[in-house]
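Order of appearance sets the numbers: ligands from 1, and atoms from 1 within every ligand.
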Amino acid sequence: MDTSLRTALGDKTARPLARQLELETVGDLLRHYPRKYIEHATVTHASEREDQRFRPGEHVTLLGTVEKVAGRRMRHRKGHIVEASVAVGAQHFTCTFFNQPYRERDLSVGTRALFSGDLSRYRGGWQLAAPEFIVLNAGAEAQLPGLIPIYPATRKLRSWVIMMAVRQVLDLLDEPEDPLPETLRAAHGLASLGDALRRVHLPDTREEQRAARRRLVWDEAFGLQLAMAGRRASATTRPAPACPRRDDGLAAAFDARLPFALTGAQRSVGESLAEVLAGEDPLNRLLQGDVGSGKTVVALRAMLQVVDAGRQAVLLAPTEVLAAQHARSLQAMLGPLGRAGELDADPEHATRVTLLTGSLGAKARREALLDAQSGAAGIVVGTHAVIQQGVGFADLGLVVVDEQHRFGVHQRDELRSRPGPTTPHVLVMTATPIPRTVALTLYGDLDTSVLDELPQGRQPVATTAVPAGVKPRWLERAWERVREEVAAGHQAYVVCPRIGEEGGEPGEPETPSRPDDLLDPEADADDDWDGGILRELETGPEAEPEARPPLAVTDVGPMLAEGPLAGLRLEILHGRMPTDEKDAVMRAFSDGRVDVLVATTVIEVGVDVPNATMMIIMDADRFGVSQLHQLRGRVGRGVAASSCLLVTEAAEGSPALQRLERLAATPDGFEVSRIDLEVRDEGDVLGAEQSGRRSGLHMLSVLKHGDLVAEAREEARAVVADDPSLARHPGLAGLVRSVVGEAEAAFLDRL
Ligand code: ADP
Ligand code: MG
């Protein structure tokens with residue numbers, strides 16, 4: 001498996017595999033699994049079929065010869081079209097490709113190829129629009145397996161070529177050593193590794209293919225769960241600093257000045273955290289709760305217990321904006337208790353909340369570092385990036401991680417694995433709740449607490465998707481409703497995806513990056529052979545010529561002020577405004593001196609204005625559903641009923657609109673996260689790409705493989721209980737390394 005492809009296949013074959021797909025070893029190639037299969041047995045030889053038996057819309061795979069090919073500019077529309085006439089026996093098919101002039105070269109006259117696509121009628125004949133195809137080499141046809149694997153490929157490296165390379169490698173391969181013990185394989189009915197690898201690439205039947213996949217998915221789930229179990233074991237090898245409770249300290253003073261009663265869930269979760277923090281068994285906890293369930297207060301109370309014990313707590317946020325907002329909201333909640341060293345500090349108990357981010361000036365940064373090092377700062381809030389760069393603490397007792405976006409587990413471990421006689425307690429907070437099976441996959445090393453109760457008086461936010469493209473009247477009505485809310489003494493938010501003016505600068509932190517990436521019509525259409533075609537099928541070959549840029553705060557604000565919302569007190573807010581200006585606008589809105597705030601997602605977190613009862617999100621389809629759920633969590637914070645409108649130009653029946661309608665239909669964060677996961681890339685979910693190295697997770701799906709993950713977790717815990725460092729299971733240690741990577745598997749060496 002570690003043999004280089006150059007040795008196994010020779011330079012000529014190996015070079016493109018390395019260059020195009022970064023496949024260097026036999027193992028790399030064998031783990032480059034097919035994306036799907038087409039059934040050779042049912043390849044349609046059209047000559048054997050009666051013409052009328054074809055139906056438009058039918059999906060067919062054809063083995064044929066190119067007889068004619070020509071490219072030209074389209075007459076009635078912008079764009080270029082290539083038409084290839086393909087003969088299959090006596091039958092002819094026209095294959096068309098839009099805006100891919102190079103297809104003319106790919107399909108020169110005489111080329112034999114497999115085409116796969118949907119039939120439609122065209123000038124009295126049959127057409128395949130933008131079919132997938134594989135060019136066959138002479139003599140290759142006879143060697144086709146029962147199911148033809150289709151690989152993730154590039155334009156320069158065809159699926160077909162990969163298949164031939166895989167076959168060559170499989171012919172040479174000695175039976176690989178199976179990391180899974182025989183007994184475990186028997187217990188779970190799993191194929192051997194050698195069989196699985198052979199059959200995942202060259203199966204003769206669907207059953208063979210499924211059995212192979214199940215075994216390979218098992219490996220991934222098991223490797224991941226072994227890593228989790230091991231990490232858990234490693235987290236408890238050193239004691240944590242004990243932080244006993246005090247009833248005359250900051251925590252008690254804070255509780256006494258809380259303006260509300262804690263919910264039952266906050267109290268009981270708080271109690272269980274407090275108990276563990278008091279002892280030397282490290283806290284290792286995931287705190288889940290819906291938007292608005294009050295996670296921050298729970299985390300802050302835990303931090304205060306730690307400060308009361310004379311130690312420090314750190315709160316890690318993924319971005320500068322979030323870190324700054326966290327710091328501000330902690331300071332606001334603490335009031336005089338958080339202003340140690342200032343004139344208006346609480347005279348008896350006070351600590352300092354210090355912000356540490358990359359954008360601090362040199363002097364401020366020096367001071368912040370000093371605060372952390374000396375222990376003057378009881379609570380340090382910062383970004384991962386900064387805090388990992390060797391910030392020293394006087395006595396770190398608790399690390400709180402705000403997983404607004406998911407960090408790699410590796411990063412999460414960083415502060416905990418610093419050398420020393422103790423290891424800090426760890427509390428991880430998810431931004432939105434995640435389903436249990438997902439939690440097991442992603443956070444299998446942590447215990448879970450759930451805040452399953454919202455503070456009293458909260459009402460679900462009535463959410464409606466507004467397809468403004470189809471029903472412009474709805475949007476007019478929306479602005480009328482804003483006026484009604486304001487007339488009733490309430491306030492409203494209007495959220496836009498973009499700031500505007502200087503245009504969508506790359507890396508603008510407030511622009512949701514993921515949906516935008518997906519929308520980019522040019523996203524390497526050229527490099528990604530399969531993806532290019534798939535994308536075209538999805539959007540329709542001649543979809544809108546250019547997607548317009550997302551709506552911007554600086555455009556929508558004035559437009560509303562002069563139009564439908566004229567006469568209301570309206571302000572705009574976005575991240576590019578100077579800090580003091582931002583603060584002034586936010587204060588004015590909080591104090592009720594502004595009726596309508598037109599903002600970017602800067603208001604996503606840390607904004608708390610109970611009198612705001614309405615939110616209108618423009619171009620809602622540009623945001624992820626979890627983010628929309630977070631956003632609407634900004635209203636419905638008071639006693640009055642609240643509403644949220646998701647305005648979109650997405651077409652009726654489009655996946656984008658359906659997504660918004662599903663979000664509108666549920667107030668439940670757990671359900672929202674399911675929707676989110678379904679539309680998200682699994683690789684993204686598992687956070688594997690974040691470390692920048694290739695992950696060993698290829699097939700595992702947190703949604704599809706819940707049961708299997710639970711099984712694997714049980715086996716993994718049993719193995720690790722018996723052999724924590726896997727010293728007696730070298731095969732399994734190898735599996736862990738191949739799944740989570742060397743860096744993340746480093747904990748194995750610490751055991
Ligand atoms: P999230 O879980 O989404 O992070 P927050 O911690 O931001 O929620 O809390 C949401 C809002 O609810 C904050 O304004 C917070 O002060 C308030 N809050 C928290 N707990 C309670 C409670 N028990 N009663 C009333 N309001 C609360
Ligand atoms: Mg929060």
Determine, stepwise, if the pair M615 / V495 fulfils side-chain contact (heavy atoms from CB on, under 4.5 Å).
CA-CA 7 Å; M615 176 174 284; V495 181; 4.1 Å; yes

Starting from the C-alpha separation in whole Å, work towards a yes-or-no answer on side-chain contact (heavy atoms from CB on, under 4.5 Å) for L597 and Q491.
CA-CA 8 Å; L597 190 61; Q491 293 160 280; over 6 Å; no

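In L262, the part holding a heavy atom less than 4.0 Å from any atom of ligand 1 is the backbone. With a 4.0 Å heavy-atom cut-off, ligand 1 is reached by the side chain of Q266 but not by its N, CA, C or O. Only the side chain of R637 comes within 4.0 Å of ligand 1, counting heavy atoms alone; its backbone N, CA, C and O stay farther away. Under 4.0 angstrom from ligand 1, the non-hydrogen atoms of D290 all belong to its backbone. For S329, no heavy-atom contact with ligand 1 is shorter than 4.0 Å.
Residue-ligand proximity, T296 to ligand 1, at heavy-atom distances under 4.0 Å covers atoms 4 (O), 5 (P), 6 (O), 7 (O). The contact set between ligand 1 and V297, taken as ligand atoms under 4.0 Å from a residue heavy atom, comprises 19 (C). Less than 4.0 angstrom separates some heavy atom of V291 from each of these atoms of ligand 1: 3 (O).
Considering backbone and side-chain atoms alike, G294 places an N or O below 3.5 Å from some N or O of ligand 1. Of the N or O atoms in G292, one or more lie within a sub-3.5 Å distance of an N or O in ligand 1.
Sorted by first and then second residue, the salt bridge (charged side-chain N to carboxylate O under 4.0 Å, His left out) pairs with a member in residues 324-334 form an empty list; sequence neighbours excluded.
At least one heavy atom of A261 lies less than 4.0 angstrom from ligand 1.
No side-chain N or O of T600 forms a donor-acceptor pair with one of R498 less than 3.5 Å apart.
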